[in-house]
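These notes concern the structure reproduced below.
Residue numbers start from 1 in every chain, and the chains themselves are labelled A, B, ... in the order their sequence lines are given, proteins ahead of strands.
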Amino acid sequence: MNDAPQYRYDFQAIESKWQNHWREHRTFACANPTGNADQTKPKFYVLDMFPYPSGVGLHVGHPLGYIATDIVARYKRMTGHNVLHPMGFDAFGLPAEQFAVEHGVHPAVTTQKNIDNMKRQLQLLGLSYDWDREISTTDVDYYRWTQWIFLQLFNSYFDPVGKKAAPISELMKQLESGERVVGPDGELMSVAASGGMDAISGTPVGGRKWYELTPAQQSQLLGEYRLAYLAEVPVNWCPALGTVLANEEVTNEGRSERGNHPVFKRPLKQWMLRITAYAERLIADLDRVDWPESTKQMQRNWIGRSEGARVDFALWRGQLIAPAAPGEDDETIDDETITVFTTRPDTLFGATYMVLAPEHELVRDITTPEQRSAVETYIAQAAARSDVDRQADGKTKTGVFTGAYAINPVNDQKIPIWIADYVLMGYGTGAIMAVPAHDERDHAFAQTFGLPIVQVITPPGADGGPHDLSHTAYTDAGVNVNSHNDEISLDGLPTPEAKNKITRWLEEKGIGKGQVQYKLRDWLFSRQRYWGEPFPILHGPNGEIVAVEESELPVKLPEMADFRPEASNDPDAPPRPPLGRAPGSWRIVEKDGVKYERELNTMPQWAGSCWYYLRFCDPRNNEAFVDADVERYWMNPTGRGQLIAPAGNPQSAIAQSPMGVDLYVGGVEHAVLHLLYARFWHKVLFDLGHVSGAEPFGRLFNQGYIQAAAYTDARGMYVPADKIEERDQKFFFEGNQVNREFGKMGKSLKNAISPDDMCKEYGADTLRLYEMYMGPLDQSKPWNTRDIIGIHRFLQRIWRNFVNDQTGELRVSDAPADEAQSRLMHKTIAAVTDDMERLSFNTAIAELIKWNNELVSLEKLPREVAETMVKLLGPLAPHLAEELWARLGRTDSVAYQPWPAADLRKLVEDTIELPVQVTGKLRGRITVPVDADEERIVAAAKQDANVAAHLEGRTIRKVIVVKGKMVNIVAS
RNA sequence: GGCCCAGUGGCGGAAUCGGCAGACGCAGGGGACUUAAAAUCCCCUUCUCCGAAAGGGGAGUGUGGGUUCGAGUCCCACCUGGGCCACCA
């Protein structure tokens, strides 16, 4: 027999009713500020990192951030903001293509299916997105503009004078007029800066003036400066997948993340984006955004700025230089120097040998005949080893002597030149001066090969005495010794001054220069895949690279039945992008009687996510990627209504940020790449005048992960967590005991929990509240289904406070709240509002639970109390709030009700309880009038029996009264 | 190895600016209601000592020091766990 109350909290009926209502009424559609739209409201743009629509759908870890942003969006609507809260899908990429290959379905089909499923799951959670603005990076109307932005990059160069992107056409004009020249190292200089150098001396192509170059040469020269360019670079080539892979798509074992196929480093001609030109600004502008300090630090580390100097070492010519091998250029190396980068030019006197990367171009030229075979063997070995192998060796150093020597410019010492794989071709100049006394790696290498170690730095305060360098290098700053020649002495100088002095000397002598070096490399931007954005680029018969006209965009992906990448077992096989098999009608474009072939690579998955936040502002615009006025509105502070925050809360977490998206929430896994790439694109668009601010995301918040118990069997394999039985704190799978551990929820640990199941069993409001109640948003915390019941009880208790579950009657009266109830209400409003501003939803919920527990004892809720409860609940549990709002007789949506304001006067009490300490230990509590003066407070404190007992026989040394907080009587 | 973050009851966590440690929830214990169970409601619940109780004492926020009238909070060193980078000259 089922005698459950007839009018109990029926979350399923409530939630589907209101989800349908919101959808049908487009409750959360938000207007752009055009025409007659209401511009009196301040705007607020709150954004999630949009998901990749995977086939398995969401688990309960995914919506953590979405729930948080939804609460913020709903709260901001109630505080009178025009809120932009969109959602879309980052749907290009390898997984969809792989799935499609495996199941023989077109990726467009599976992608759409996955999007539909994910959207259904999101709507089940009652998230208040403006679905009118939904976009997918795979929509032609979207990637058309991704291609357009690529053309902006292709048609721009980085002007080193203005330190910003500018149209390449301007550079062309300046080169034509001779106003600007190309310096000896390829640097762009204005004529003034070059000291009157004319275009002849500056032009690197055959030493000819710009106007003497053929069009192909001119085009090649411009290519050296474009922000998007083709270059032969070492890439991660995976022949089995038939594509290059980004570093992060390669496992620590040097295999592909998907499929576990071997990956090889090899040089290939690829599209690159010149992000390195922006290194300085990408670091500097981090100071202008409100991001977690750790995320900023990760970006700074990734960009890796170091200050130091370039130093030229002359080759020692007292020996025969190896003659060029047959067929090679017989280059004279008489004038050759080896240039190194060092952050410690102050240790130059301690440089006892040099090391070149095995791939360094000079290695072949300088190697002596006796050493040639050893060197070539080593080079071959190094090439065969993956980066991972190199690292696996840790500190053991390998290398080979080339037989050649260089001259240390400060002391004319003849020092040997080695090659070793601990020197990387990709950083600095690919060559180093080795100072084994003061660099750990050089020290280890010198120890291994018996090279001399010369101390030139002493630790501060070490009196210049010899320092034990037999086991380890001294790498910190100190004071120079043994560092002088006829012209310069660094002896006695502390490290920073020594650096400055030697750098100046090197510059005067013309053999060195102060330099800033970055770890950041240019961005490898092409993939040999089908499921990505085609490049809007054409290749002419003579190797010309021509941009597709803007008017001819989009370049649509061709329909293809077979879109598989061409796999191979041969690491030397050339890449064959799937688009190479596209029909000729797509591949070949005829213009002015010339046949061009389309670029066959596609863009990486990062491309679409680099600018989607801009498209959300104006997603259906066919004239521009975003309307300029609309962009200015959403991406800039309005200056109006900075925030609706309680007084006395200056450090509001969601105050409007200086520029860009007001709040961007996502996982810390995107701390570097996505956020760096998007910032780079945004800066280019800013430089070219297409957007109004220098940074895309004013405030960033990284939510934590949801972890869950995972179980491994005797073989260490994960077993499904939902099939585990627990007995006596031991865990069993199919009768066998298994181990429990905790890890990030997901498919690989077989511990995913579906939000669909939770919504079905407890409801979306319960799931939302539970996820927020688990702990601080930015912390990782373990999922525990058992704990959900507490939140569910809370919502049921709210329901019963409003509705008599036997009769269905509303338990609300029109009587006013008494003083105690009123005070409690305003206290809760103040606390919850403060928590909302700080994104501290766990404590906001705790406040509401506490308040609601107090209301249980009331016969009926005063209407004011009831309405306030519903409003405070609105952002957190929106379905229940809408239902109760309707039952209170309201016909409008609670989503746009004004947020309750705490009346501070109502919080004032007549008396206050103060803790009393004696010498720092709590001994009693007193109740005094709130305006009592110090004298009266102290007198009351001394009268407390327990306090008096502890003061008995002691002398009072000091009395500290902190108004409204506590009293401390110090006695001895 | 470098940089960053975190350690608080049986568990998740609270304490926002240096001022009553453990809010709120789970689990656990006791009680009410019920034929019974579920649900619901009430009470207890950091450890420990004295006390029949009221109450009171001591210890306590990873460890050891320091600053302070007062430290979970600030400083120094260390331990443990997590994240990112990792031969970047």
Side-chain angles (χ1 to χ4, degrees), chain A residues 2-5 8 292-298 300-302 304 306 308 340-344 347 355 387 390-391 393-397 420-424 426-435 439-442 444-445 517-521 649-651 653 668-669 671-672 705 707 770 773-776 778-784 786-791 793-794 796-797 800 805 831 834-835 837-838 840 842-850 853 856-857 913-925 945-946 949 957-960 962 964-971:
Chain A
N2 183 5
D3 55 356
R8 71 190 190 286
E293 196 47 46
S294 59
T295 303
K296 289 188 186 184
Q297 201 51 48
M298 279 165 70
R300 289 191 196 104
N301 290 344
W302 188 263
S306 9
V340 303
F341 172 74
T342 177
T343 54
R344 293 296 299 273
T347 63
V355 187
D387 284 2
R390 288 191 184 189
Q391 285 167 23
D393 288 351
K395 292 277 176 273
T396 45
K397 295 284 184 287
D421 64 5
Y422 83 92
V423 174
L424 309 174
Y427 182 75
T429 62
I432 62 158
M433 64 177 211
V435 184
D439 181 280
E440 287 296 352
R441 297 148 302 179
D442 298 345
F445 191 82
Q517 188 68 46
Y518 299 95
K519 280 195 243 179
L520 186 69
R521 315 285 161 83
N649 179 32
Q651 67 248 27
V668 72
E669 69 271 20
V672 176
Y705 294 122
Q707 299 166 319
Y770 172 64
Y773 191 63
M774 289 170 73
D778 56 354
Q779 261 173 42
S780 292
K781 51 238 155 180
W783 177 270
N784 196 344
R786 188 183 68 183
D787 290 351
I788 289 186
I789 191 69
I791 286 294
R793 282 179 194 147
F794 163 56
Q796 286 177 320
R797 198 145 50 223
R800 282 195 306 272
D805 61 0
D834 189 36
D835 289 339
E837 293 290 336
R838 294 187 299 121
S840 180
N842 53 334
T843 52
I845 294 165
E847 288 298 327
L848 290 176
I849 293 174
K850 209 159 41 162
N853 287 346
V856 168
S857 59
E913 195 187 65
L914 291 180
V916 181
Q917 297 178 347
V918 176
T919 321
K921 284 201 185 295
L922 181 70
R923 297 300 180 189
R925 290 185 176 83
N946 198 37
R957 299 279 173 212
K958 198 173 177 184
V959 177
I960 292 146
V962 184
K965 291 277 190 190
M966 48 79 67
V967 182
N968 189 7
I969 302 173
V970 185

(request) Just compare B/U40, B/A89, B/G13 and give me whichever is closest to any side-chain atom of A/K781. (result) B/G13
(request) Could you check which nucleotide pairs with B/A32 in any of the strands shown, counting Watson-Crick or G-U wobble with both distances under 3.5 Å? (result) B/U40
(message) Using atom P in both nucleotides, what's the gap between B/G13 and B/A23 to the nearest angstrom?
(response) 15 Å
(message) Checking contacts here: which listed nucleotide (B/A14, B/U16, B/C87) is nearest the side-chain heavy atoms of A/Y422?
(response) B/C87
(request) Let me know the distance between CZ of A/R925 and P of B/G19, rounded to the nearest Å. (result) 17 Å
(message) Tell me whether the side-chain N/O atoms of A/S306 come closer than 4.0 Å to OP1 or OP2 in B/A89.
(response) yes
(message) Please pick, from B/C85, B/U40, B/G19, the nucleotide with the shortest atom-to-atom distance to any side-chain atom of A/V962.
(response) B/G19
(message) Of the options B/G19, B/C85, B/A89, whose atoms approach the side-chain atoms of A/N968 most closely?
(response) B/G19
(request) Consider the side chain of A/K850, meaning its heavy atoms from C-beta on, and name the nucleotide among B/C69, B/A23, B/U16 that approaches it most closely. (result) B/A23
(message) Please tell me if A/Y427 has a side-chain N or O lying less than 4.0 Å from either OP1 or OP2 of B/A89.
(response) yes
(request) Please state whether the rings of A/F341 and A/Y427 are parallel, tilted or perpendicular, taking 30° and 60° as the class boundaries. (result) perpendicular
(request) Name the residue closer to the 5' end of RNA chain B, choosing between A/P782 and A/M966 according to the nucleotide with the nearest heavy atom. (result) A/P782
Which atoms of nucleotides 53-62 of chain B (N or O only) lie under 3.5 Å from a protein N or O atom, and what are those distances?
| unit_1 | atom_1 | unit_2 | atom_2 | d |
| --- | --- | --- | --- | --- |
| B/G57 | OP1 | A/R923 | NH1 | 3.1 |
| B/G57 | OP1 | A/N946 | ND2 | 3.4 |
| B/G57 | OP1 | A/H950 | NE2 | 3.2 |
| B/G58 | OP1 | A/R923 | NH2 | 3.3 |
| B/G58 | OP2 | A/R923 | NH1 | 3.0 |

(message) Rounding to an integer number of Å, can you tell me how far A/R793 CZ sits from B/A38 P?
(response) 12 Å
(request) Report the distance from atom CG of A/L424 to atom P of B/C87, rounded to the nearest whole Å. (result) 7 Å
(message) Suppose you measure atom P in B/U61 against the same atom in B/G72; what distance do you get, rounded to whole Å?
(response) 7 Å
(request) Would you kindly say whether A/Q796 and A/R793 are connected by a side-chain donor-acceptor distance under 3.5 Å? (result) no
(request) Name the closest nucleotide to the A/Q796 side chain, picking from B/G13, B/A27, B/U40. (result) B/U40
(message) Using the rule given for side chain to side chain contact (heavy atoms under 4.5 Å, CB included), can you reason through A/V435 versus A/R344, listing the C-alpha separation, both sets of side-chain angles and the distance that settles it, and then say yes or no?
(response) CA-CA 9 Å; A/V435 184; A/R344 293 296 299 273; over 6 Å; no
(request) Check the chi torsion on B/G66 and let me know: syn if it falls within 90° of 0, anti if not. (result) anti
(message) For the P atoms, the ones on B/C4 and on B/C74, what distance do you get once it is rounded to whole angstrom?
(response) 15 Å
(request) Go ahead and name the base partner of B/G64; Watson-Crick or wobble counts if both distances stay under 3.5 Å, otherwise write none. (result) B/C76
(message) Between B/G28 and B/A86, how many Å separate the two P atoms, rounded to a whole number?
(response) 47 Å
(message) Here's a test for you: under side-chain contact (heavy atoms from CB on, under 4.5 Å), which of A/D442, A/V340, A/I432 qualifies with A/V355?
(response) A/I432
(request) For B/G81 versus B/A89, give the span between their P atoms, rounded off to a whole number of Å. (result) 29 Å
(request) Check the pair A/L848 / A/F794 against side chain to side chain contact (heavy atoms under 4.5 Å, CB included), numbers first and verdict last. (result) CA-CA 9 Å; A/L848 290 176; A/F794 163 56; 3.9 Å; yes
Between the protein and nucleotides 2-11 of chain B, which nitrogen or oxygen pairs are less than 3.5 angstrom apart?
none

(message) Pair A/T919, A/R957 - check side chain to side chain contact (heavy atoms under 4.5 Å, CB included), show working.
(response) CA-CA 10 Å; A/T919 321; A/R957 299 279 173 212; over 6 Å; no
(request) Go through the structure and list residues passing ring pair (Phe, Tyr, Trp, His ring centres under 6.0 Å) with A/Y770, not counting sequence neighbours. (result) A/W783
(message) Please report the distance separating the P of B/G66 from the corresponding atom of B/A15, rounded so that it comes out in whole Å.
(response) 30 Å
(request) Considering only atom P, compute the distance from B/U73 to B/G62 and round it to an integer number of Å. (result) 8 Å
(message) Regarding A/I960, tell me which of base, sugar-phosphate or nothing describes its non-hydrogen contacts under 4.0 Å with the strands shown.
(response) base
(request) Would you classify A/R957 as touching base, sugar-phosphate or nothing, given that sugar-phosphate means primed atoms plus P, OP1 and OP2, and contacts are heavy atoms under 4.0 Å? (result) nothing
(request) By nearest nucleotide on RNA chain B, pick out whichever of A/T843 and A/K519 is the more 5' one. (result) A/T843
(request) Could you check which of B/A27, B/A15, B/C20 has an atom nearest any side-chain atom of A/E913? (result) B/C20
(request) Name the pairing partner of B/C84, where a pair is Watson-Crick or G-U wobble with both distances under 3.5 Å, or state none. (result) B/G2
(request) Would you verify whether the NZ or CZ of A/K397 falls within 45 degrees of the ring axis of A/F445 while also being under 6.0 Å from that six-membered ring's centre? (result) no
(message) Taking any heavy-atom pair under 4.0 Å as a contact, classify A/N842: base, sugar-phosphate, or nothing.
(response) sugar-phosphate
(request) Tell me which nucleotide among B/C20, B/U16, B/A27 gets nearest to the side chain of A/D834. (result) B/U16
(request) Using the P atom on both, measure B/A54 against B/C79 and round to a whole Å. (result) 47 Å
(message) If you only use heavy atoms from C-beta on, which nucleotide in B/A27, B/G19, B/C87 is closest to the side chain of A/K965?
(response) B/G19
(request) Tell me what A/R300 touches on the nucleic acid: a base, only sugar-phosphate, or nothing, going by heavy atoms under 4.0 Å. (result) nothing
(request) Look at the side chain of A/Q917 and decide which nucleotide, out of B/A89, B/G12, B/G19, has an atom nearest to it. (result) B/G19
(request) Would you mind reading off the distance between A/D421 atom CG and B/C87 atom P, rounded to a whole angstrom? (result) 11 Å
(message) Nearest whole Å is fine: how far is B/U16 P from A/E847 CD?
(response) 13 Å
